[in-house]
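For reference, the structure is listed below as structure tokens.
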Amino acid sequence: MPVLKTHQQPIGIFDSGLGGLTVAKAVLKLLPNEDIVYFGDTARVPYGTKSKDSIIRFSLQNADVLLEHKVKAIVVACNSSSSYALPALKRHVNVPVLGVIGPGVRKALAMTRSGRVGVVATPATVKSGAYQKQLLKQRPTCMIQAQACPLFVPLVEEGWFDRGVTVSVAQEYLRPIQRAKVDTLILGCTHYPLLKQTLKSILGPDVFLVDSAQEVALELQGLLAREGLLNASRHKAKNLFLVSDGPDHFRKLAGKFLGREIVLKKKSF
Ligand code: DGL
């Protein structure tokens with residue numbers, strides 16, 4: 001597939017749905033000169049309970065959607081996709097691809113004092129072992145406690161960030177994390193930063209929560225700079241949001257979350 005490598009092309013970001021807006025927001029803030037095309041696969045969300053094969057297939061299709069818009073780099077905001085599909089994506093496209101696992105791991109290892117690190121994520125991400133492998137590769141002595149939290153995504157989608165039921169569910173999921181006495185917890189899912197206050201209230205101030213969105217934006221900046229792809233020209237950046245289903249729900253929530261009107265289109269496969 002011919003891809004023009006030019007700094008004026010947009011950055012592509014994809015997620016299984018809305019959650020990747022946490023990453024989009026951090027990128028928009030750090031790189032205000034960059035145009036962005038965001039694709040949320042709202043027709044097939046959630047990915048976190050799906051098989052490896054499905055997650056890889058969906059991820060490659062999402063990358064193709066972004067390439068139709070001539071993106072110069074692809075950010076895989078979805079942790080489940082980053083866990084399973086990164087090697088396939090890198091083979092499939094000829095633009096730089098950045099996932100969320102590496103940046104989250106680097107931040108966690110920079111922050112932990114005890115070397116005891118927790119990971120909360122979707123069942124797919126935990127099962128892939130992506131965070132566990134990266135952590136151990138970079139620090140073989142690291143002690144890791146990983147916990148799948150399948151009920152968190154629907155609770156966040158409902159906007160129930162700190163309801164009683166959410167607190168009870170979080171208390172249950174975090175028990176093994178607390179027993180493991182971690183001092184750093186990786187929020188290994190796009191949706192979990194929205195539960196930060198609830199998780200903090202359970203874990204207390206001594207556990208550092210790693211929200212990879214900010215780290216991904218910083219790493220993207222470095223990557224674009226190294227590849228000569230940063231857009232330095234000051235202009236009113238254009239942002240396009242694409243979804244595979246239900247634009248109304250996405251428009252309402254995305255506008256609220258990003259604090260701006262968005263240009264949104266439906267993209268069918
Ligand atoms: N975006 C997914 C992730 O970060 C969470 C939502 C889903 O399960 O699709 O793993």
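- You'll find the side chain of His191 stays beyond 4.5 Å of the side chain of Leu155, heavy atoms only.
- Side-chain atoms of Gln61 and Arg44 include a donor-acceptor pair closer than 3.5 Å.
- Summarising the geometry of Ile144 relative to Gln132, their closest heavy-atom pair is CD1-O, 3.6 Å, with the distance given to 0.1 Å.
- Put simply, the side chain of Tyr173 reaches to within 4.5 Å of the side chain of Pro150, judged on heavy atoms.
- Using a distance-only test at 3.5 Å, with no hydrogens or angles considered, no donor-acceptor pair links the side chain of Ser59 to the main chain of Ala85.
- By the 4.5 Å heavy-atom criterion applied to side chains, Leu66 and Val93 are not counted as neighbours.
- You'll find the side chain of Val23 stays beyond 4.5 Å of the side chain of Asp15, heavy atoms only.
- A donor atom on one side chain and an acceptor atom on the other are found under 3.5 Å apart for Asn79 and Tyr131.
- For the 3.5 Å distance criterion, the side chains of His69 and Gln9 fail to qualify, holding no donor opposite an acceptor.
- Residues Val45 and Ile13 do not share a hydrophobic cluster, defined by chaining ILVMFWY side chains whose heavy atoms lie under 4.5 Å apart.
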side-chain contact (heavy atoms from CB on, under 4.5 Å) assessment of Ile56 paired with Leu89: CA-CA 8 Å; Ile56 293 177; Leu89 280 164; over 6 Å; no

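- Met143 and Leu174 are assigned to two separate hydrophobic clusters, defined by single-linkage of ILVMFWY side chains at heavy-atom distances under 4.5 Å.
- Of the possible polar contacts, one joining the Arg139 side chain to the Leu109 backbone as a donor-acceptor pair under 3.5 Å is found.
- For Lys267 and Glu68, the salt-bridge test passes: some basic side-chain N is under 4.0 Å from an acidic carboxylate O.
- Contact check for Asp35 versus His235: side-chain heavy atoms found under the 4.5 Å cut-off.
- Both Ile74 and Leu242 are assigned to one and the same hydrophobic cluster, defined by single-linkage of ILVMFWY side chains at heavy-atom distances under 4.5 Å.
- Nearest heavy-atom pair, Leu209 versus Lys200, reported as atom, atom and distance to 0.1 Å: CD1-CG, 4.0 Å.
- The stretch residues 241-255 participates, sequence neighbours left out, in these salt bridge (charged side-chain N to carboxylate O under 4.0 Å, His left out) pairs: Asp248-Arg251.
- Summarising the geometry of Pro96 relative to Leu229, their closest heavy-atom pair is CG-CD1, 4.2 Å, with the distance given to 0.1 Å.
- Residues passing the salt bridge (charged side-chain N to carboxylate O under 4.0 Å, His left out) test with Glu219 are Arg106, sequence neighbours excluded.
- The backbone N or O of Tyr192 lies less than 3.5 Å from no partner atom in the side chain of Lys196, so there is not a single donor-acceptor pair.
- The side-chain heavy atoms of Leu185 and Val119, taken from C-beta on, include no pair separated by under 4.5 Å.
- Among all heavy-atom pairs drawn from Lys266 and Ser244, the shortest one is CE-O, 3.3 Å.
- Note that the CD atom of Glu158 and the OG1 atom of Thr166 stand 9.5 Å from one another [nearest 0.5 Å].
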side-chain contact (heavy atoms from CB on, under 4.5 Å) between His249 and Val243, worked out: CA-CA 10 Å; His249 181 62; Val243 286; over 6 Å; no

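- Looking at Thr125, its side chain never comes within 3.5 Å of a backbone N or O of Ala121 through a donor-acceptor pair.
- Panel note: side chain Tyr47, backbone Thr122; no donor-acceptor pair is recorded below 3.5 Å.
- His7 and Leu230 make their closest contact through CB-O, 3.4 Å (heavy atoms, listed as atom of the first residue, atom of the second, distance).
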Full working for side-chain contact (heavy atoms from CB on, under 4.5 Å) between Val210 and Leu187: CA-CA 6 Å; Val210 177; Leu187 306 181; 5.9 Å; no

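- Side-chain atoms of Gln221 and Leu31, non-hydrogen and from C-beta on, do get closer than 4.5 Å to each other.
- Taking the six-membered ring for Trp, Phe250 and Phe39 have ring centres at least 6.0 Å apart.
- In this structure, Lys238 contributes its side chain and Ile36 its backbone to no donor-acceptor pair below 3.5 Å.
- Between the side chain of Asn231 and the main chain of Glu34, no donor-acceptor pair closer than 3.5 Å is present.
- With 3.5 Å as the limit, one finds no donor-acceptor pair spanning the side chains of Ser16 and Asp41.
- The structure places NZ of Lys70 at 15.0 Å from NZ of Lys72, a figure rounded to the nearest 0.5 Å.
- Using a 4.5 Å cut-off between side-chain heavy atoms of Ile, Leu, Val, Met, Phe, Trp and Tyr, with links allowed through other members, Val126 and Leu199 fall into different hydrophobic clusters.
- To the nearest 0.5 Å, atom CZ of residue Arg57 and atom CG of residue Asn62 are 11.0 Å apart.
- A donor-acceptor pair shorter than 3.5 Å cannot be found between the side chains of Ser51 and Asp53.
- To the nearest 0.5 Å, the span separating CD on Glu157 from CG on Leu194 amounts to 10.0 Å.
- For Tyr38 and Phe14, the ring centers are positioned 6.0 Å apart or more.
- Although no hydrogens or angles enter the test, the distance criterion places a donor-acceptor pair under 3.5 Å between the side chain of Ser201 and the main chain of Thr198.
- Thr22 places a side-chain N or O within 3.5 Å of a backbone atom of Gly19 that can act as its donor or acceptor partner.
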Evaluate the criterion side-chain contact (heavy atoms from CB on, under 4.5 Å) for residue pair Val76 and Val97; output intermediate values, then yes/no. CA-CA 7 Å; Val76 184; Val97 180; 3.7 Å; yes

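- Distance NZ/Lys52 to OG/Ser128: 9.0 Å, rounded to 0.5 Å.
- Proximity of a side-chain donor or acceptor of Tyr84 to a complementary backbone N or O of Ala130 within less than 3.5 Å is not detected.
- Between the side chains of Ser114 and Asp183, at least one donor N or O lies within less than 3.5 Å of an accepting N or O.
- Between Phe257 and Lys25, the closest side-chain pair of non-hydrogen atoms falls below 4.5 Å.
- The two atoms that bring Gly115 and Thr112 nearest to each other are N-OG1, 2.9 Å, heavy atoms only.
- Residue Ile202 holds its CD1 atom at 10.5 Å from CD of Glu172, rounded to the nearest 0.5 Å.
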